[in-house]
Amino acid sequence: MCVKGVRLYKFRNFSMEELEFSEKENIIIGGNGFGKSNLLEGIYICGSGRSFRTRAISECIKFGEKTGSVSLRLQDSSSIRVEILSNSGKNILYNEKKLKRVSNLFEILNIVYIGPQEIEYVRGSPSLRRELMDLSIMRQEPGMSSTILNYARLVKERYFHLKKLASGEAVGGEVYLDVLDERIATLGGKIVRSRLDTIDSIREKVSDTYRRITGNEDKVEITYHSSFPIKDKEKIPEAILDHLHSARERDKRYFETTVGPHRDDLMVRLNGFPIREYGSWGEMRSASFAILVSLATSSLEKREKRPVFLVDDAFANLDAARKKNLAALIQENGQFFLTITEKEELGDISPEAFIFELKKPGKPVRRENG
Ligand SMILES: Nc1ncnc2c1ncn2[C@@H]1O[C@H](COP(=O)(O)OP(=O)(O)O)[C@@H](O)[C@H]1O
Ligand SMILES: [Mg+2]
């Protein structure tokens, strides 16, 4: 599903703007601080219910205003509207009817933001990669949202229970710990299984995509790195429970849960070596792209949803060949919004692309192509 148009009302530095988009490429040109990322943020909020910049969504309301909103018109004439309230609350409406769950948005749009920070998915801490895998799982299978949420709650609850056990205040004692462990193993097992399946489904594609971006023969390989050995994919909950039992004394001492998907990671290797430790900046960046594009199109294969890529300043430090390869690749796979500061950055551009120029802050104007 692609985005045909947007309406930004009292959103960031926009007072009231309406834009029509190309189903293929949309290029947004403008100086620093003019509102390019704000525009992408508006689209992203409608597709995911959250911002890629802040948890306090009320920050998106235009300075001095009490509410703001963003609406999208989609390819099939349906609409999504997000009203943002000053207490960071929001109303999400699909065809003017309130959506029950934010995760329902994932069934409508498959939106992927790729910004300058996205290299952190490869370079940064494991928690970012776990988040990325889980987001992708929720997109493929919206029912997994509650499993992921409840799992996180259980791990927290186990921590508090371990603390209380140590101070002798725990209600339920070791028996309740058994109950928690059982539930952690059940839900954790589901999450690990989904992550494994996801990784399996994109492994080849990540490797191919990386080669296509870089134009060389380097081999990028992704594997799931679990906090416990997985011998049988069908018996993951049993394995988690087993290892929770063996780790119990240690867990009681340190108030930790040492086994489970919250301790796992996604390993990315380049030619056999961990890319986080040995890769160059450009290599890590290209690997991040390859993973993000592959994840987005893997859900495409499962649910026939053409992704919408929001690529923010992301070409800035790539060489001309990589830029070109990457643009071609993204276009093949979905609708594409790209921000740049100078039109010279563009290079070759398809005559079908829509170009929007911000000549001053908050005022995008459609420009003739060429
Ligand atoms: N809530 C807001 N209300 C009005 N202006 C805002 C708000 N939030 C950010 N801005 C302004 O938006 C600008 C940043 O826009 P941004 O889209 O990040 O720029 P860029 O074009 O460089 O991507 C800054 O000038 C900032 O002051
Ligand atoms: Mg920006």
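One-based numbering, in listed order, for ligands and for the atoms of each. This structure is a prediction, so every number in the text was calculated from the model and none was measured.
- Although no hydrogens or angles enter the test, the distance criterion places no donor-acceptor pair under 3.5 Å between the side chain of Asp197 and the main chain of Ser194.
- Side chain of Gln335 to backbone of Ser22: a donor-acceptor contact under 3.5 angstrom is found.
- In terms of protein heavy-atom proximity, atom 2 (C) of ligand 1 is closest to Phe63 CE2, 3.3 Å.
- The protein non-hydrogen atom at the shortest distance from atom 22 (O) of ligand 1 is Gly33 N, 2.7 Å.
- Aromatic pair Phe52/Tyr44: centroids less than 6.0 angstrom apart.
- Interface of Asn38 with ligand 1, defined as ligand atoms under 4.0 Å from a residue heavy atom, comprises 12 (O), 13 (C), 14 (C), 15 (O), 16 (P), 17 (O), 18 (O).
- For ligand 1, the atoms lying closer than 4.0 Å to a non-hydrogen atom of Asn32 are 22 (O).
- Close approach to Ile61 involves these atoms of ligand 1, each under 4.0 Å from a residue heavy atom: 1 (N), 2 (C), 3 (N).
- Atoms of ligand 1 lying under 4.0 Å from at least one heavy atom of Gly31, given by number and element, are 21 (O).
- Metal site remark for the Mg ion (ligand 2): Ser37 contributes an N, O or S atom at a distance under 2.8 Å.
- The side-chain heavy atoms of Glu23 and Lys4, taken from C-beta on, include a pair separated by under 4.5 Å.
- The pair Glu17-Lys363 counts as a salt bridge, with a side-chain nitrogen and a carboxylate oxygen less than 4.0 angstrom apart.
- The closest heavy-atom contact to atom 4 (C) of ligand 1, among the options Glu65, Glu41, Arg12, Lys36, comes from Arg12.
- Residue contact check for ligand 1: Arg53 places a non-hydrogen atom closer than 4.0 Å to it.
- Between Arg101 and Glu107 there is no salt bridge, since none of the side-chain N atoms of the basic residue sits less than 4.0 Å from a carboxylate O of the acidic one.
- Residue Glu59 approaches ligand 1 through these ligand atoms, each under 4.0 Å from one of its heavy atoms: 1 (N).
- For the ligand labelled ligand 1, residue Gly30 lies outside the 4.0 Å heavy-atom shell.
- Taking the six-membered ring for Trp and the full ring otherwise, the centers of Phe337 and Phe21 sit less than 6.0 Å from each other.
- Under the 4.5 Å side-chain criterion, counting only non-hydrogen atoms from C-beta, Lys219 is not in contact with Tyr210.
- In this structure, atom 26 (C) of ligand 1 has its sub-4.0 angstrom surroundings free of protein heavy atoms.
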